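Step one of this worksheet: look at the structure below.
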There are 2 protein chains.
Amino acid sequence: MTQRGRRTARISGDDRQDAILSAAERLLTARSLDDISIEEFAHGAGISRSNFYFYFRSKDEMLLALLDRVIAEVNHRVASLPRDFGRDPAEAWRQSIGVFVEVFSEHRAVSTAAITARVRSPEVLALWTEAMQTWVDYSTEIITAERARGAAPDGIASADLAVTLNLMNERVLSATFGSEKLAVNQDAVLDVLATIWVRTIYGVVPT
Amino acid sequence: MTQRGRRTARISGDDRQDAILSAAERLLTARSLDDISIEEFAHGAGISRSNFYFYFRSKDEMLLALLDRVIAEVNHRVASLPRDFGRDPAEAWRQSIGVFVEVFSEHRAVSTAAITARVRSPEVLALWTEAMQTWVDYSTEIITAERARGAAPDGIASADLAVTLNLMNERVLSATFGSEKLAVNQDAVLDVLATIWVRTIYGVVPT
DNA sequence: TCACTCTATAGACACCGTGTCGAGTAGATC
DNA sequence: GATCTACTCGACACGGTGTCTATAGAGTGA
């Protein structure tokens with residue numbers, strides 16, 4: 001987690017920065033990043049609009065700070081997952097995907113804001129892509145290992161599979177927790193995603 | 001395709017409107033909708049900025065006109081597809097998905113612009129969602145039929161499957177043809193998507 | 001106690017893109 | 001030739017962003 005914002009690391013004033021971030025995450029649950037002006041974020045934290053720029057260079061940089069924390073949490077939870085795919089592969093995949101479902105659900109405001117903002121902001125795109133790359137690499141590695149031990153059939157390159165399935169998760173979670181009209185029910189989404197992953201990776205089509 | 005723009009349907013002036021749309025689609029291949037000001041679209045069609053408003057109420061409404069045409073093309077091509085899933089299901093799905101791959105590829109500028117704009121514009125969202133709904137219904141129907149004739153196993157509700165797989169296609173095609181860093185190669189994307197659809201719908205996991 | 005320094009704050013300003021309004025032009029039709 | 005109407009543009013107002021400058025106030029050392 002790099003140092004976002006322009007302040008040097010000091011004791012006082014951190015609470016103000018945190019206040020801005022808290023206010024921001026709260027405001028983002030109701031409306032989108034574009035709909036909320038910097039003035040609103042500032043007033044939400046009890047400061048003037050121009051003073052906002054003392055803490056963050058722009059709205060996007062504020063979002064980066066929020067996103068940093070969410071990504072760190074996912075990575076922390078993924079890292080502490082048991083990597084035992086030998087005993088019950090379906091359950092192991094389900095647990096991995098479950099981490100994303102949970103964190104996305106808890107921080108849906110930040111996640112959806114990031115997905116929206118990445119098309120406009122190269123920095124947000126870079127941070128998001130870097131995180132996705134980590135998860136894609138993780139998935140690729142496991143798929144390859146599963147094939148090597150004969151548990152999964154060959155076919156599509158594991159890297160392509162990993163990219164596609166991760167993009168699917170991103171889009172579906174975004175739709176579901178963003179309350180889009182075309183989405184899967186929150187209670188069912190983990191089942192659906194896990195099933196598709198498992199059938200895609202291990203499934204064979206009877207002829 | 002409803003009447004976009006504010007002009008009443010008349011003979012002359014349609015070419016101007018078309019000129020704007022052509023210029024727009026050309027400009028959109030290089031930069032995003034947000035990056036291009038109305039002034040640029042107008043000058044691209046040889047008119048002044050304020051005159052743009054004579055033809056379209058806003059940038060988004062211009063996009064709607066572009067999107068109308070793309071969606072109509074997809075639907076037309078999907079409708080003229082043979083619906084024979086009995087003989088070779090994998091090939092039939094591949095052809096259906098192929099329509100989306102081709103049209104998305106040909107009109108990638110409009111498609112990606114629409115995907116970006118829908119988060120901001122309720123009208124774009126409505127049009128896009130309506131189109132997606134059509135394709136989801138189409139997919140759901142076929143999956144249900146395939147299960148009914150015993151060709152596909154039960155499990156996840158076919159509607160959930162259809163939504164998820166269609167969202168996957170949307171995201172992956174957007175990534176691939178938008179030249180995102182994390183994407184599938186253009187030559188491989190149809191193979192990958194078709195494989196996932198088929199394995200998900202027909203595949204069984206050996207125990 | 002008195003400067004001095006550095007963080008923190010806000011008001012004022014300039015800029016850019018959007019959308020509206022009203023005045024004006026050109027070509028067809030009577 | 002009058003007029004009607006589609007069409008065109010310049011000028012304006014608005015809202016959001018980002019910068020610059022002045023200054024308040026807390027901590028620090030002589």
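All values reported here derive from a predicted model rather than from experimental measurement. Both backbone and side-chain heavy atoms feed into the values below; hydrogens, waters and symmetry mates do not. First the proteins, then the strands, lettered A, B, ... as listed; each starts at 1.
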Please check the phosphate of C/dA8 (OP1 and OP2 only) for any side-chain N or O of A/Asn51 closer than 4.0 Å. no
Using nucleotides 21-26 of chain C, report all nitrogen or oxygen pairs with the protein that are shorter than 3.5 Å.
none

Between atom CZ in A/Phe41 and atom P in D/dG18, what is the gap in whole Å? 12 Å
A/Arg16 vs C/dT9: side-chain N/O to OP1/OP2 distance below 4.0 Å: yes
Taking CZ from B/Phe52 and P from C/dG19, how many angstroms apart are they, rounded to a whole number? 9 Å
Please identify each residue that fulfils side-chain contact (heavy atoms from CB on, under 4.5 Å) with A/Ala152, with sequence neighbours left out. A/Glu146, A/Arg147, A/Ile201, A/Tyr202
Integer-rounded Å distance: C/dG11 C1' and A/His43 NE2: 12 Å
Less than 3.5 Å apart, any donor N or O on the side chain of B/Asn75 or B/Trp135 sitting next to an acceptor on the other? yes
OH of B/Tyr55 versus P of C/dT20: gap in Å, rounded? 17 Å
Applying salt bridge (Lys or Arg N to Asp or Glu O under 4.0 Å) as the test, list every pair that has at least one member in residues 184-195 of chain A; sequence neighbours left out. A/Arg94-A/Asp191
With A/Trp128 via ring pair (Phe, Tyr, Trp, His ring centres under 6.0 Å) - residues at least two apart: none
For A/Arg171, what residues pass the side-chain contact (heavy atoms from CB on, under 4.5 Å) criterion, not counting sequence neighbours? A/Ser174, A/Ala175, A/Glu180, B/Arg118, B/Leu167, B/Glu170, B/Arg171
In whole angstroms, the gap separating P of D/dT21 from CZ of A/Phe54 amounts to 17 Å
Non-neighbouring partners of A/Glu130 that pass side-chain contact (heavy atoms from CB on, under 4.5 Å), sequence neighbours left out: A/Leu127
Under the ring pair (Phe, Tyr, Trp, His ring centres under 6.0 Å) rule, collect the residues that match up with A/Phe177, sequence neighbours excluded. none
Would you be so kind as to tabulate the donor-acceptor pairs closer than 3.5 Å made by side chains of residues 156-165 of chain B, with sequence neighbours excluded?
| residue | atom | partner | partner atom | Å |
| --- | --- | --- | --- | --- |
| B/Ser158 | OG | B/Thr144 | OG1 | 3.1 |
| B/Thr164 | OG1 | B/Asp160 | O | 2.8 |

Atom pairs, protein N/O to nucleotides 15-17 of chain D N/O, distance under 3.5 Å:
| residue | atom | partner | partner atom | Å |
| --- | --- | --- | --- | --- |
| D/dT17 | OP1 | A/Lys59 | NZ | 3.2 |
| D/dT17 | OP2 | A/Ile38 | N | 3.2 |

Taking only Lys NZ, Arg NE, NH1 and NH2, and the carboxylate oxygens of Asp or Glu, determine whether A/Glu102 and A/Arg77 approach each other closer than 4.0 Å. yes
I need the CD1-C1' distance between A/Ile47 and C/dG11, as an integer number of Å. 15 Å
